[in-house]
Amino acid sequence: MTPSTEMNRSMSKPKQSFRSRLYGLGNSSTFVGYLFVAPILILMGIWFYYPLLQSFIYSFQDISFLNPDAATFVGLDNYIEIMKDKDFWTALSHSFLLTVVAVPLQAILALVIAVNLNKVLRFKGLFRTLYYMPYITSTIAVTTVFMYLFMQQEGIATQFLTWFGFPDVSWYANVKYALLFLMILTIWTYTGFYMVVYLGGLQTIPNDIYEAGLVDGANGWQQFWKLTVPMLKPVTYLVIMSGIINVMQLFDQPYALARNGSLGSPAGATSTIVTYFYSQAFSFNRSGYGSAAAFIIFALIIGLSFLQRRFMKEEI
Amino acid sequence: MADSRKAKFLRYLLLFFFSIFFIVPFGYAIYTSLLSKEDIGHLVPPTRFTFENYVDIFTTSDILIWYKNSIIVTFGILIGNLIVNTTAAYSLARLNYRGRGVVFFLVIGMMMVPYQVMIIPIFSMIVDLKWLNSYQGLIIPFLFQGFLVFLMRQFFLTVPRELEEAAEVDGLNKIGIFFRIMLPLSKGAIGTQIIFSFTGTWNSFVWPVTLVNDSRWYVMTVGLNTLKNRYFEWPNLTMTGVVLLTVPIIIVFLLFQRHMVQGIATTGLKG
């Protein structure tokens, strides 16, 4: 595009009108390019990269919102203290457990529903909308409803689950069952979303592959395992990756179910790495320590995504 | 290939079975919101339904203010997003200039960083600016979205170059091409942007709960959370709140559903 700009410039000798000079400016890739990224560059600088840097500095300081001027440099002390904090490891184990249980389960359910929904002709749109709705519903609304469903005596879900030997307790307030409650909540929220993602993936698989499979005498199950699952591998990668990120970031649900109690109620049973971070930063006003925790979450997410990429590549 | 009758039946059975789990929570919320205090916890015929909870909640709580706040914040961010993301995406997809690669890297890089890393300094900035409990505080830090820039850029890349060349011959400059050629073509992609931005802001909780501490500045999600804590013994009231918070998002979703499904199909995932 530079030659044309040069041409415009060389033509724009004294006699050129204001209008055509404006036109020329509007035709310069450089000018329009910078003009159009200027808003995001400014906003990003102020509200993303500056805070990112600030947070990184905080993480090596002993600093609080209450008295930010009294900050002192403490080196790696915050990071070391977190590593020694039992509550951090509890929170991390909860996040890890949630990830290990909820992410594969929601991926499997999503795949099973998608494969079946892809084959039916009638009510397809209706089913898809219905399965998708939990994902677009506010996490606070969903948690509120589930708390009533899983309430002692009155909860429909609690009563239903007593048939399978579960006790008649308020799940969200019970130290033993609160985390399981969070898992159910998570799976319910995300399954429909990943189902739609799988549905998109299924539509990219060419039909003749199945026809070739049919000629070779593969039945439905064999087709599913030998053709569908391997063909969907890139989609599964995305579903697992995004699932890990979502579940590692779980915060609204434990916040809502704690009601007026402290984050992670009952008795820390629903603490996650994010509730741990949040209570350090905003309940105990420890900006430096909280920032260090935030960078640990960041590192964990990056680390897990690399690990998962490795793992998925080695398979097959 | 066609299913046998039996296979077809089993598929519908399975889909229907799963649907139950997805319908029950929604059904419970709507049903309970229509119950009078005496009927809570009982199965009653629709003739006993009442709207008194809706009247109650509008007259006794600040929900109207929360609605207004949610609407202002959601639309403020939506408009900002559409302008900032779309112009940036066009610039990154179609214009050549020095430093474009760096800008692209900075935009994409945002998708990898969790919000926890930024929330402490942003909270401090908002406090310093005296923007706690204000629309500015709830809107301005959120006017851009790396993921949505990426989504729009992917779309602009698919527009054939010939269209631009033809437009240039007709005397349109780069800005003209953006407004007259690119924007009219990107209705679908903009629809995707609208639904992601709208649902994301309307449902957002951690930011408004952090940046506001005065109940008159609550948005709907934060308001519902306090309602639930205060009236936990009255499921009819809290479920009314749930329905009121959820209905707008369902309407927007049904209007733009097509675009969301397309968005997922073209870009993979929301990060």
Side-chain angles (χ1 to χ4, degrees), chain A residues 1 23 26-27 29-30 32-34 36-37 39-41 43-44 47-48 51-52 54-55 58 65 113 116-117 119-120 127 129-131 134 136-141 144-145 148-149 154 196-197 200 210 214 238 242 249 251-252 256 259-260 274 277 281-282 287 290-291 294-295 297-298 301, chain B residues 1 3 11-12 14-15 18-19 22-26 28-29 41 84 87-88 90-91 95-97 100 103 106-107 110 113-114 116-118 120-122 124 141 143-144 149 173-175 199 203 205-206 210 221 224-225 228-229 232 235 238 242 245-246 249 253 257 261 264-265 268-269 271:
Chain A
M1 297 299 130
Y23 171 88
N27 209 27
S29 251
T30 308
V32 180
Y34 285 137
F36 276 24
V37 288
I40 204 167
L41 267 181
L43 286 166
M44 226 167 38
W47 298 106
F48 190 90
L52 179 68
Q54 189 80 276
S55 188
Y58 284 172
F65 293 125
I113 296 174
N116 284 290
L117 191 55
K119 289 274 177 68
V120 304
F127 277 122
T129 305
L130 184 69
Y131 290 135
I136 52 149
T137 307
S138 144
T139 45
I140 302 299
T144 305
V145 174
Y148 289 106
L149 296 178
E154 288 147 45
V196 173
V197 176
Y210 287 103
L214 212 60
L238 279 171
S242 148
Q249 301 246 327
F251 173 78
D252 298 1
R259 289 200 273 163
N260 297 317
V274 181
F277 152 81
F282 293 100
S287 319
S291 293
F295 273 95
I297 296 172
F298 187 14
I301 288 173
Chain B
M1 84 236 84
D3 274 345
R11 281 192 209 287
Y12 277 109
L14 180 119
L15 291 171
F18 281 118
S19 312
F22 287 86
I23 290 174
V24 165
F26 288 104
Y28 171 83
V84 175
T87 52
Y90 174 64
S91 173
L95 302 170
N96 286 311
Y97 49 90
R100 186 177 77 163
V103 177
L106 289 174
V107 170
M110 292 198 294
V113 186
Q116 291 88 3
V117 173
M118 266 77 57
I120 294 173
I122 287 183
S124 300
L143 293 177
F144 57 100
V149 177
N173 63 16
K174 303 283 183 229
I175 295 178
T199 51
N203 291 335
F205 178 71
V206 64
T210 307
T221 47
L224 173 68
N225 194 47
K228 176 209 68 191
N229 294 345
F232 197 66
T238 49
V242 165
L245 169 62
T246 311
I249 211 83
F253 173 66
Q257 186 182 20
V261 175
I264 294 169
L269 276 185

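On a predicted model such as this, the values are computed, not experimentally measured, just so you know. In what follows, chains carry the letters A, B, and so on, assigned in the order in which the sequence lines appear, proteins first and then strands, with residues in each chain numbered from 1.
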Report which part of Ile136(A) has an atom under 4.5 Å of a heavy atom belonging to chain B: side chain, backbone, both, or neither. both
What are the two closest non-hydrogen atoms of Val113(B) and Val117(B), and how far apart are they? CG1-CB, 3.9 Å
Closest contact, heavy atoms only, Tyr97(B) versus Gly33(A): CE2-CA, 3.4 Å
Do you know which of Val242(B), Leu15(B), Leu224(B), Val107(B) has the most heavy-atom pairs under 4.5 Å to chain A? Leu15(B)
What are the two closest heavy atoms between Ile120(B) and Gly290(A), and how far apart are they? CD1-C, 3.7 Å
Does any part of the side chain of Tyr58(A), heavy atoms only, come nearer than 4.5 Å to the side chain of Pro121(B), both counted from C-beta? yes
Between Asn27(A) and Lys174(B), what is the shortest heavy-atom contact and its length? OD1-N, 3.2 Å
Ranking Leu106(B), Ile175(B), Ile23(B) by heavy-atom pairs under 4.5 Å to chain A gives rank one to Leu106(B)
Most chain A-contacting option - heavy-atom pairs closer than 4.5 Å, from Thr210(B), Val103(B), Leu143(B): Thr210(B)
Heavy-atom proximity to chain A below 4.5 Å, by part of Phe26(B): side chain
Which bit of Tyr28(B) is near chain A, if near means a heavy-atom gap under 4.5 Å: side chain, backbone, both or neither? side chain
Largest heavy-atom contact set with chain A, pairs under 4.5 Å, which of Phe205(B), Phe18(B), Tyr90(B): Phe205(B)
For the residue pair Ser91(B) and Arg100(B), what are the closest heavy atoms and their distance? O-CD, 3.9 Å
Turns out that what part of Tyr131(A) lies under 4.5 Å from chain B's heavy atoms comes down to both
Given a strict heavy-atom distance threshold of 4.5 Å, which part of Leu245(B) is in contact with chain A: side chain, backbone, both, or neither? side chain
I need the residue from Ile297(A), Thr139(A), Leu130(A), Ile301(A) with the largest number of non-hydrogen atom pairs under 4.5 Å to chain B. Leu130(A)
Close side-chain approach of Phe144(B) to Val149(B), heavy-atom, < 4.5 Å: no
Choice from Leu95(B), Asn229(B), Leu14(B) maximising heavy atom contacts with chain A below 4.5 Å: Asn229(B)
Chain B contact via Phe277(A) - side chain, backbone, both or neither, heavy atoms under 4.5 Å: side chain
Which distance, rounded to the nearest 0.5 Å, do you find between the CH2 of Trp47(A) and the CE of Met110(B)? 14.5 Å
Let's test your reading of the structure: which of Leu41(A), Leu117(A), Thr137(A) forms the most heavy-atom pairs below 4.5 Å with chain B? Thr137(A)
Which heavy atom of Val32(A) sits nearest to which heavy atom of Gly26(A), and what is that distance? CG2-O, 3.2 Å
CD1-CZ distance between Ile122(B) and Phe48(A), expressed to the nearest 0.5 angstrom: 8.5 Å
With a 4.5 angstrom heavy-atom cut-off, could you sort out which part of Phe251(A) is near chain B: side chain, backbone, both or neither? side chain
Who among Ala281(A), Pro39(A), Ala256(A), Ser291(A) has the most heavy-atom pairs with chain B under 4.5 Å? Ala256(A)
Pick one of side chain, backbone, both or neither for Thr246(B), based on which atoms fall under 4.5 Å of a heavy atom in chain A. side chain
